[in-house]
Structures are given as C-alpha cells and as structure tokens.
Amino acid sequence: LVGGPPSPYSTALCCAGTSAMNVRDANGALLVEGDSVTLIKDLKVKGTTVTLKRGTLIKNIRLTDDETQIECRAEKVKDLVLKTEFVKKA
C-alpha cells in the first residue's frame, strides 16, 4: 500500500488472517462475532430442564478460544456455550 495512510478496510484485510480463527458452522459457512445462527437439532441444556428446539434463532454470537464452540444467549438460558456442529448460519 503505497501513497498514503492505509484505510481501515485495507488494514482489516491484511490483518484478518493473522490472529482470526476459522470458526465454521455445520454446513461449513464461516462464523464471525455478532452473527445469528439457527439450531439444527433439539439440544438439552446441562444443569437445567430446558430443551432448546430445532430452528431456534440465536442472535449475536461470540467466538471463544476454541474453534468448535461459540458463546451466546438463548431466550431461556443466559451465557450458553454451543458446539458449532449443532448450528447453521441464519
């Protein structure tokens, strides 16, 4: 990048692969912070009597240190950790 200060867009492009994780859903779609996902099967939540039903929309996900897990909040459960193999990008 010659000829001036780098734009935020070009900085994001050059730094995107350095520390970013490659988090993918059950279909192989790339997941990023703030995405919405849908559950692809019924999930029983450990420690509660709640079952999250297939098709439940989870908004505003957060990525964790593990590429196979995401953090989120469901309507019935707060601070939930889900495996990415049970979600698809909405």
Side-chain angles (χ1 to χ4, degrees):
L1 300 173
V2 179
S7 70
Y9 179 73
S10 63
T11 304
L13 282 179
C14 78
C15 301
T18 55
S19 64
M21 292 193 325
N22 194 11
V23 180
R24 299 201 176 262
D25 68 0
N27 295 331
L30 191 63
L31 297 175
V32 295
E33 292 269 339
D35 273 349
S36 295
V37 295
T38 305
L39 297 180
I40 61 171
K41 68 179 277 187
D42 291 353
L43 298 174
K44 293 181 182 177
V45 181
K46 287 185 180 180
T48 68
T49 59
V50 174
T51 300
L52 297 175
K53 299 292 183 183
R54 188 179 112 209
T56 301
L57 181 67
I58 307 288
K59 296 179 181 177
N60 196 21
I61 65 167
R62 295 177 305 280
L63 303 181
T64 63
D65 293 336
D66 187 354
E67 289 184 359
T68 63
Q69 297 177 347
I70 56 171
E71 290 181 352
C72 58
R73 290 186 179 185
E75 50 194 51
K76 299 176 186 176
V77 183
K78 297 190 189 249
D79 297 331
L80 183 65
V81 177
L82 294 175
K83 289 193 168 223
T84 56
E85 63 191 75
F86 300 123
V87 298
K88 68 177 181 177
K89 195 168 188 175

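All of these numbers come straight from a predicted model, not from anything done at the bench.
V77 and F86 fall within the same hydrophobic cluster, where Ile, Leu, Val, Met, Phe, Trp and Tyr residues are linked whenever their side-chain heavy atoms come under 4.5 Å apart, directly or through other members. A chain of hydrophobic side-chain contacts below 4.5 Å, direct or via other Ile, Leu, Val, Met, Phe, Trp or Tyr residues, connects V37 to V45.
Here the side chain of N27 pairs no donor or acceptor atom with the backbone of K88 at under 3.5 angstrom. At least one donor-acceptor pair under 3.5 Å links the side chain of E33 to the backbone N or O of L63.
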Working for side chain to side chain contact (heavy atoms under 4.5 Å, CB included), residues K76 and T49: CA-CA 10 Å; K76 299 176 186 176; T49 59; over 6 Å; no
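With values rounded to the nearest 0.5 angstrom, L82 atom CG is found 6.0 Å from L39 atom CG. Note that NZ of K41 and NZ of K53 are 13.0 Å apart. Values are rounded to the nearest 0.5 Å.
Between the side chains of D66 and T68, at least one donor N or O sits under 3.5 Å from an acceptor N or O.
With L80 as the fixed residue, the side chain to side chain contact (heavy atoms under 4.5 Å, CB included) test singles out one of L52, L43, V50: L52. For the side chain to side chain contact (heavy atoms under 4.5 Å, CB included) with V87, the lone residue among I58, I70, I61 that qualifies is I70.
Summarising the local packing, CZ of R54 is surrounded by 12 or fewer heavy atoms from other residues, nucleotides or ligands at distances under 6.0 Å.
Residues T38 and L57 form a side-chain contact, since some pair of their non-hydrogen atoms from C-beta on lies under 4.5 Å apart.
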